[in-house]
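Scroll down for the structure; my scribbles are underneath it.
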Amino acid sequence: MDTHEIVLLKLFVVGILVNAWMMRGVSGAETLEASTPRQRRVCNESRLQREVEVCGEHFKKDMALIQPQYWCNLTYFISEYHIFTLCTETTSHSVACYWPNPLVEGYIIRIHKLFFSNCTLDQVVWVDPPDDTLIVLILIPIFLTLSMIALVVWCSKRSDNFA
């Protein structure tokens, strides 16, 4: 065997041993102490319903301080809505429920219907640009493509001069 082959073989064996040694610490088979699984608390939906309604009542009181004509402008009630959302999230976690869950989502939808049902957005109607603009926008890429092709053909014919 060539000396380079012997060195490569030794490096390969050392690499396998180092890999096995490092992976031994990653393996879960050699744990020193048995960990006890945490008890999973069950979601208390009736308590969650009551607590979320309390959050909603606070939000309703806060929104009553804002004039109804400003209810569709997010800048007027963003802090109140953030507090409401944070309240529903912390309440869900305190009663061992995930957030958002269908119960909380349903309540948030009812709040939205109560306060934001009249907030419709005017839909943007897309129209084509004028014909002159459209023709320019179409022709520019076509002329650029043709000019690049002509430049490549011209340069390939003159390759002897560039060498």
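None of the values given here were measured: they were computed from a predicted structure. When a residue number appears, it is its place in the shown sequence, counting from 1.
- A heavy-atom distance below 4.5 Å is found between the side chains of I108 and F84.
- Atom-to-atom distance recorded for N73:CG and Q67:CD is 12.0 Å, nearest 0.5 angstrom.
- If you check the side chains of S46 and N44, you find a donor sitting under 3.5 Å from an acceptor.
- Although no hydrogens or angles enter the test, the distance criterion places a donor-acceptor pair under 3.5 Å between the side chain of T88 and the main chain of T85.
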Task: Pair N101-E45, side chain to side chain contact (heavy atoms under 4.5 Å, CB included): steps then yes or no - done: CA-CA 10 Å; N101 60 35; E45 289 186 357; over 6 Å; no
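- Aromatic rings from F59 and H82 are positioned such that their centres are separated by 6.0 Å or more.
- Hydrophobic cluster membership is shared by W71 and I78, with clusters built from Ile, Leu, Val, Met, Phe, Trp and Tyr side chains linked at under 4.5 angstrom.
- Atom-to-atom distance recorded for C119:SG and L74:CG is 10.0 Å, nearest 0.5 angstrom.
- V54 and L114 fall into different hydrophobic clusters, where Ile, Leu, Val, Met, Phe, Trp and Tyr are joined by side-chain heavy atoms under 4.5 Å apart, directly or via other members.
- The closest side-chain heavy-atom distance from R110 to K113 is not below 4.5 Å.
- Heavy atoms only, all atoms of each residue included: E57 and Y107 are closest at N-OH, 4.3 Å.
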TODO: Check the pair E89, V104 against side chain to side chain contact (heavy atoms under 4.5 Å, CB included), reporting the backbone distance first and the verdict last.
DONE: CA-CA 9 Å; E89 184 176 0; V104 174; over 6 Å; no
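- At a cut-off of 3.5 Å, with distance as the only test, a side-chain donor of Q49 or E53 sits close to an acceptor on the other residue.
- The distance from the OG atom of S94 to the CG atom of L48 is 8.0 Å, given to the nearest 0.5 Å.
- At least one side-chain heavy atom of C155 sits under 4.5 Å from a side-chain heavy atom of L151.
- In the hydrophobic clustering of this structure, V42 does not group with Y98; members are Ile, Leu, Val, Met, Phe, Trp, Tyr whose side-chain heavy atoms approach within less than 4.5 Å, directly or through other members.
- A distance of 13.0 Å separates CZ in R50 from SG in C55, rounded to the nearest 0.5 Å.
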- [ ] Let me see the working for E105 and W99 under side chain to side chain contact (heavy atoms under 4.5 Å, CB included), right down to the final yes or no.
- [x] CA-CA 9 Å; E105 285 179 356; W99 186 88; over 6 Å; no
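- Connection of I111 to L86 is not established within any shared hydrophobic cluster, with ILVMFWY side chains joined at heavy-atom distances below 4.5 Å, either directly or through further cluster members.
- One hydrophobic cluster, built from ILVMFWY side chains closer than 4.5 Å, cannot hold both Y81 and I83; they sit in different ones.
- Remark: H112 NE2 to S117 OG distance equals 11.5 Å, nearest 0.5 Å.
- The number of heavy-atom neighbours closer than 6.0 Å to NE2 of H93, taken from other residues, nucleotides and ligands shown, is above 12.
- Taking CG from L65 and CD from E80, the interatomic distance works out to 8.0 Å, rounded to the nearest 0.5 Å.
- Residues F115 and F77 place their aromatic rings such that the two centres sit no closer than 6.0 Å.
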